[in-house]
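Data block below; observations after.
Within every chain, numbering begins at 1; the chains are lettered A, B, ... in the order of the sequence lines, protein sequences first and strands thereafter.
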Protein chains: 2
Amino acid sequence: MARANLSPAVVVAAAAEMADRDGFEAVTLSALARHFGVQTASLYSHVRDRAALLAGVHELAMAELSDRIAMATAGRSGRDALVALAEAQRDYARQSPGRWTALQRGSAPSPASARLVSLTWAVLRGYHLSDDDLVHATRLLGATVNGWIALEGNGFAHRDPSPDVSWGRALDALDTVFHSWSST
Amino acid sequence: MARANLSPAVVVAAAAEMADRDGFEAVTLSALARHFGVQTASLYSHVRDRAALLAGVHELAMAELSDRIAMATAGRSGRDALVALAEAQRDYARQSPGRWTALQRGSAPSPASARLVSLTWAVLRGYHLSDDDLVHATRLLGATVNGWIALEGNGFAHRDPSPDVSWGRALDALDTVFHSWSST
DNA sequence: GCCCCAAACCTAACACCTATAGGTTTCCAC
DNA sequence: GTGGAAACCTATAGGTGTTAGGTTTGGGGC
């Protein structure tokens, strides 16, 4: 029984790849075991249980996403930063649908999720919001972007105008709202 | 073997109740069979497979929700109608979390989902939007409300200001945006 | 190289799930 | 009472997650 040289990180990474390739629901301990050529029970040396595996995928995805957002928003402010933040999330969801679903299904606090909140606050900094309005804005922005991505994933009815245009209008709307909330 | 007097509607209704009581993931054909005191295989006389069962729950929930929204928005216009539409959905999600999850997980077109779109359009009628903007607004409203409910379900960080206040501010923002898009 | 030990693997078993095929029972119409 | 369809059951197959205990591997110390 040669060793497959597994580790928690290797198992979680493979689960994330599998989620994107085969869909979130296809990620099972059994499927991963087949992928690595070991018995299902062997994976318990590396992950406590299925929930811990999925939490690992969530954490990996959150780290990747916050990196993506940091890159996209660096050097931008105001509306440009807002658009970059939103686009980064939409792009990530499209390119990594399985990882995105893992993010939606889990909610563990992590350094990366705190980082995401900080990045959001940084983007909103350009609007000079009061402390309270900053929280309102963070919630509204998160809700709108996440809700959009979820609805879009289900496929907006295929009608004009194109969802890309609607998306642009939605972001413009958010920009306008945050400006109107500005305390300066 | 006395008959349990099952029918597709009875099975789907029990699944919906079970989803709200025990959680969406707890709804299995096995669990339903135990609930009715029959063997699991017997349920296949009434539902084609698990997916069809969950589609039934989705359809039932969509019908209930659109009824709720119709009642809540009747006789209201403008901002009041908008708030009523949004509140009806948020209330429904809170009172019937399992049903709500069934709605998020499925996307089958049905008479009730078409009705929901019509109700949304009726609510937005008060804003006198162009045809294109009506679609943009429908998408933005759906995304914001659904995204909010999803994030709230995961539990906004427990901090001031309260999520209820943020919710009110979010609806105000939507109202303002739709007014600004008005073609009259 | 040998020995020891911990970790990584396997086997066996169990409980649970979905779904099919074929058999049995119930109920209703005639 | 009879016939037939539908509702039920049994048996089975294939799949999932998990635990307990056994076996093998690899690395460190001597």
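Nucleic acid contact for B/Ser30: base, since at least one base atom lies under 4.0 Å from a heavy atom of the residue. Heavy atoms of B/Arg34 sit under 4.0 angstrom from primed sugar atoms or phosphate atoms, though from no base atom.
Closest contact between the side chain of A/Ala41 and the listed nucleotides D/dT10, C/dC17, D/dT19 involves D/dT19. The A/Ser45 side chain lies nearest to C/dA8 when the options are D/dC9, C/dA8, C/dT26.
Nucleotide D/dT25 holds its C1' atom 4 Å from the CZ atom of A/Arg3, rounded to whole Å. A/Asn5 has its CG atom 10 Å from the C1' atom of D/dG26, to the nearest Å. Summarising the geometry, the separation between OH on B/Tyr44 and P on C/dA21 is reported as 13 Å, rounded to the nearest angstrom. One atom, CD of A/Gln39, and another, C1' of D/dT16, lie 14 Å apart when rounded to the nearest Å. Residue B/His46 contributes atom NE2, which lies 5 Å from atom P of D/dA7 at whole-angstrom precision. The CZ-C1' distance, from B/Arg48 to D/dA7, rounds to 19 Å in whole Å. Separating the CG atom of A/Leu43 from the C1' atom of C/dA7 is a distance of 15 Å, rounded to the nearest angstrom. C/dC17 atom C1' lies 15 Å from atom CG of A/Leu29, rounded to whole Å.
Put simply, A/Thr28 has a side-chain N or O that comes within less than 4.0 Å of OP1 or OP2 on D/dT16. Proximity of B/Ser42 to the phosphate of D/dA7: no side-chain N or O atom is located under 4.0 Å from OP1 or OP2.
Around the CZ atom of A/Arg21, the shell of radius 6.0 Å holds more than 12 heavy atoms that belong to other residues, nucleotides or ligands. Summarising the local packing, CZ of A/Arg105 is surrounded by more than 12 heavy atoms from other residues, nucleotides or ligands at distances under 6.0 Å.
Side-chain contact check for B/Asp49 and B/Tyr44: no donor-acceptor pair (N or O, by modelled atom type) lies under 3.5 Å.
Within 3.5 Å, no donor on the side chain of B/Arg50 pairs with an acceptor on the base of C/dT18, nor the reverse.
Nearest-nucleotide positions on DNA chain C place A/Ala2 closer to the 5' end than the other of B/Val27 and A/Ala2.
Geometrically, B/Arg90 engages B/Trp167 in a cation-pi contact defined by less than 6.0 Å to the ring centre and at most 45° from the axis.
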- Hey, mind stepping through A/Asp172 and A/Arg79 against salt bridge (Lys or Arg N to Asp or Glu O under 4.0 Å) and telling me if it holds? CA-CA 8 Å; A/Asp172 285 342; A/Arg79 187 183 175 283; 2.5 Å; yes
